[in-house]
Structure formats: C-alpha cells, structure tokens
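Here is the structure we will look at.
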Amino acid sequence: MTAEPVTTQQETAATRTPATVQPPVGAGAPPTVRASLSPSRAADFKTCPLLYRFRSIDRLPERPSVEQARGTLVHAVLERLFDLPAVGRTPAAAGDLVAPQWDRLVTEQPELAGLFADDDPAARAEFLRSAAGLLEGYFTVEDPRRLEPAEREALISAVVDEELLIRGYLDRLDVAPDGALRVVDYKTGGAPREAFEARALFQLKFYALVLWRTRGVVPRVLRLLYLRDAEVCDYTPDAEELARFERTVVALWRAIEQATERRDFRPRPSRLCDWCSHQARCPTFGGTPPPFPEAGVGDPLRDARSRPAPPGADE
C-alpha cells in the first residue's frame, strides 16, 4: 500500500445514504450457519493458534492496555464528532469530547478505571492529552466538515460457504453519489510496520468481502488513517482478489475447526509475543495452558466477545 493525500473530490463524495446492515449474529441467521468469525479472531489464529484458543475457547480475561484504551477513546470521539453539525466538527470540538467520552467509557467498562494507580490524576490528564494529540493527527489528514459518513461503527455480516457467518464493525463507511464505497479504519498506532500493516489490510479485506457479498459492490477504496503519523494508506481491491480472500477465510475456519477437534492449538512465536497478555500460560515462555474446556467451546455463533471487536482494541 502507498500513502496518498486525501483529495477534496474523495472527501465530498460521501453522503448520508443509509447502509444496509444484516442483523446481528443469532438474529435470523440462516439455519445452515454453524459458526461465526470476526476479522480480529481470524487474525488471532493466523498470528498464533494458541492465542486464538486463549481468547475464543478458554475466553481468558485480558487487562486492557493503555494503548488499547487510548485507541478505544479516540474511536469513540471520532464517532461522536460526526453527530455534530458539519460546521461544528473542529479540532476544538473534538478536544472537548475527549474527557466526557472517557468518563462514559469508564462507566461502561469499569476495568478501564484500573489503568491509573489510585486514580492518579496526573497520569489520567497525560492520557487524555495523548488522545487529544492523536485527534490533531486526524485533522491533518481529513476535514470532517466535508464528510457525511453513511455508517459509523456499523455491524455488517454475510454468510460464506453456506455455513460460516463472517461479521465485524466498520469504523466508517462512506458512500459516493454513484454508489461507490469507501471503507475507513482509524489506527492510533504508528505508521504501518510490515506485520501490523498485513493484519490491518486483512481486516479491511474482511469488511470488503462482506460488503461485496451483501451488496454486490466491491469497495472502491479501503483506507487506513494512521493518526499518530498523520498518514493515509489506500488500497483498491477487485472481485477476483476478494473471491480468493473468501477461499482463504473459509480455509482458515476449517483449520480452526480441525484444531478444535484435535484440541491442538500450538504457539507461533513472533515479535508480536512482546504484546501478548498470556505469556505466563504459553509453553514458549515456560508456561502451561489451562486444561481444554470439557464442556465444549460454547456457542459457535458467538465470537470471543459479544461484539466482534471493540473499536481500537486491536491497535
């Protein structure tokens, strides 16, 4: 992918045309569907099968990191920013949303309050300032006054191979007057490194496949906005590529099913291990995984979380 500047033509193409979103998993899914997969859980298995097991089968708790919490906060602010009239979508208005949105998130997710020892006001203030700094990066690459997204934080889903429901939450979907689609994903980490870029693109192709299968339209642009470095990365898929990607997703799910039947989820060490919450249970680091759940793996139509992935959680 190559970084490209945001053009005025692209910005003004978005409209408020409502997106057609399939019902959430479990709500009228075809009777042939046996399982559900989100891009975050699929990426987990690709990255490390044992990580997939810890998150999706054992469902081990993970304490949110400061980086993940900051990503979630920035996503929340950008979602709320578009609730304002276009003329009011300014850097100052975004900054004013930071503290109230953090308070809301802490109320909804009390575990976030534990990020700062003894509710350290200085650490909390620095955290909020860092989130505001990322928002400044957003305004460097886009002018939200010129945008009217069709959907924000929208759950989309499609059935592939007649048995697998694939689903996920879009950060933003823009629809042009001619019906062209642009999928936008906010990234609060740094500019893409190879491993993270591949994961991000995998996620966007996942969304593109759902949109293609539900609307018959291949998105014109898959866009990554890297806020820390104020960079834009665009990718243009085609139908042939998405058909290949669909086969990849189905093959991935079959590998997951096989690993589940064999109870064989092996670790795959990489530099991403440095950020893993489960090193103490991983054989690579001298740990021992918990016993495989005897009661089974739960509802196959559920992912490891009630939402496929909260915004910013995979930063």
Side-chain angles (χ1 to χ4, degrees), residues 22 24-27 29 33-65 68 71-72 109 111 155-161 163-170 195-196 198-200 202-207 209-210 245-246 248-270 272-285 287-315:
Q22 291 194 347
V25 61
V33 171
R34 297 190 300 112
S36 171
L37 190 64
S38 70
S40 54
R41 295 292 74 80
D44 284 345
F45 189 81
K46 281 169 54 67
T47 299
C48 175
L50 185 59
L51 176 62
Y52 174 91
R53 182 201 145 171
F54 285 155
R55 286 177 166 172
S56 295
I57 296 177
D58 298 300
R59 300 179 186 261
L60 299 178
E62 295 183 6
R63 182 180 178 183
S65 68
Q68 289 171 333
T72 300
Q109 305 173 47
E111 66 273 16
L155 174 62
I156 59 173
S157 62
V159 176
V160 297
D161 199 40
E163 296 183 328
L164 178 63
L165 185 75
I166 58 174
R167 64 198 181 109
Y169 276 85
L170 298 171
F196 298 103
R199 183 181 176 108
F202 179 88
Q203 179 183 12
L204 288 183
K205 286 184 179 180
F206 210 97
Y207 299 149
L209 174 58
V210 173
F245 184 75
E246 180 175 8
T248 297
V249 170
V250 171
L252 184 64
W253 175 250
R254 288 174 180 162
I256 292 172
E257 285 193 313
Q258 185 176 70
T260 303
E261 291 170 1
R262 297 177 178 178
R263 300 187 175 190
D264 184 12
F265 291 87
R266 302 181 185 183
R268 185 175 297 151
S270 73
L272 297 176
C273 293
D274 293 342
W275 289 273
C276 184
S277 301
H278 306 293
Q279 290 185 8
R281 300 181 179 90
C282 179
T284 300
F285 296 91
T288 302
F292 201 89
E294 292 297 333
V297 297
D299 182 356
L301 287 180
R302 288 187 63 226
D303 217 317
R305 304 170 176 132
S306 58
R307 285 170 59 101
D314 297 316
E315 296 296 335

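Of all heavy-atom pairs spanning R55 and R41, the tightest one is NH1-NH2, 3.4 Å. D274 approaches Q279 most closely through the heavy-atom pair CA-NE2, 4.0 Å. For the residue pair D161 and E246, the shortest heavy atom distance occurs at N-OE2, 4.3 Å. The two residues P39 and F202 come nearest to each other via the heavy atoms O-CE2, 3.9 Å. Of all non-hydrogen atoms in F265 and F292, the two that sit nearest each other are CE1-CE1, 3.9 Å.
More than 12 heavy-atom neighbours from other residues, nucleotides or ligands sit within 6.0 angstrom of CZ on R268.
Separation of atoms CD1 (I156) and OH (Y207) is listed at 7.5 Å; rounding is to 0.5 Å. For the atom pair OG of S38 and OH of Y169, the computed distance is 11.0 Å after rounding to the nearest 0.5 Å. Between atom CG of residue L252 and atom OH of residue Y52 there is a gap of 9.0 Å, rounded to the nearest 0.5 Å. Here F54 contributes atom CZ and C282 contributes atom SG; the two are 6.0 Å apart, rounded to the nearest 0.5 Å. Taking CZ from R281 and CG from D58, the interatomic distance works out to 8.5 Å, rounded to the nearest 0.5 Å. Taking OG from S157 and CG from L37, the interatomic distance works out to 12.5 Å, rounded to the nearest 0.5 Å.
Under the 4.5 Å side-chain criterion, counting only non-hydrogen atoms from C-beta, I256 is not in contact with S56. Contact check for T248 versus K205: no side-chain heavy atoms found under the 4.5 Å cut-off. Side chains of L272 and C48 form no contact here, defined as non-hydrogen atoms less than 4.5 Å apart. Considering only heavy atoms from C-beta on, R263 stays 4.5 Å or farther from R53 through its side chain. Side-chain contact between L164 and V249 is present, with at least one heavy-atom pair separated by less than 4.5 Å.
For the side-chain hydrogen bond (donor to acceptor under 3.5 Å, both in side chains) test, residues two or more places apart in sequence or in another chain that qualify with E257 are R34, W253.
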Apply side chain to side chain contact (heavy atoms under 4.5 Å, CB included) to residues C273 and F285 and explain how you reach the verdict. CA-CA 10 Å; C273 293; F285 296 91; 3.8 Å; yes

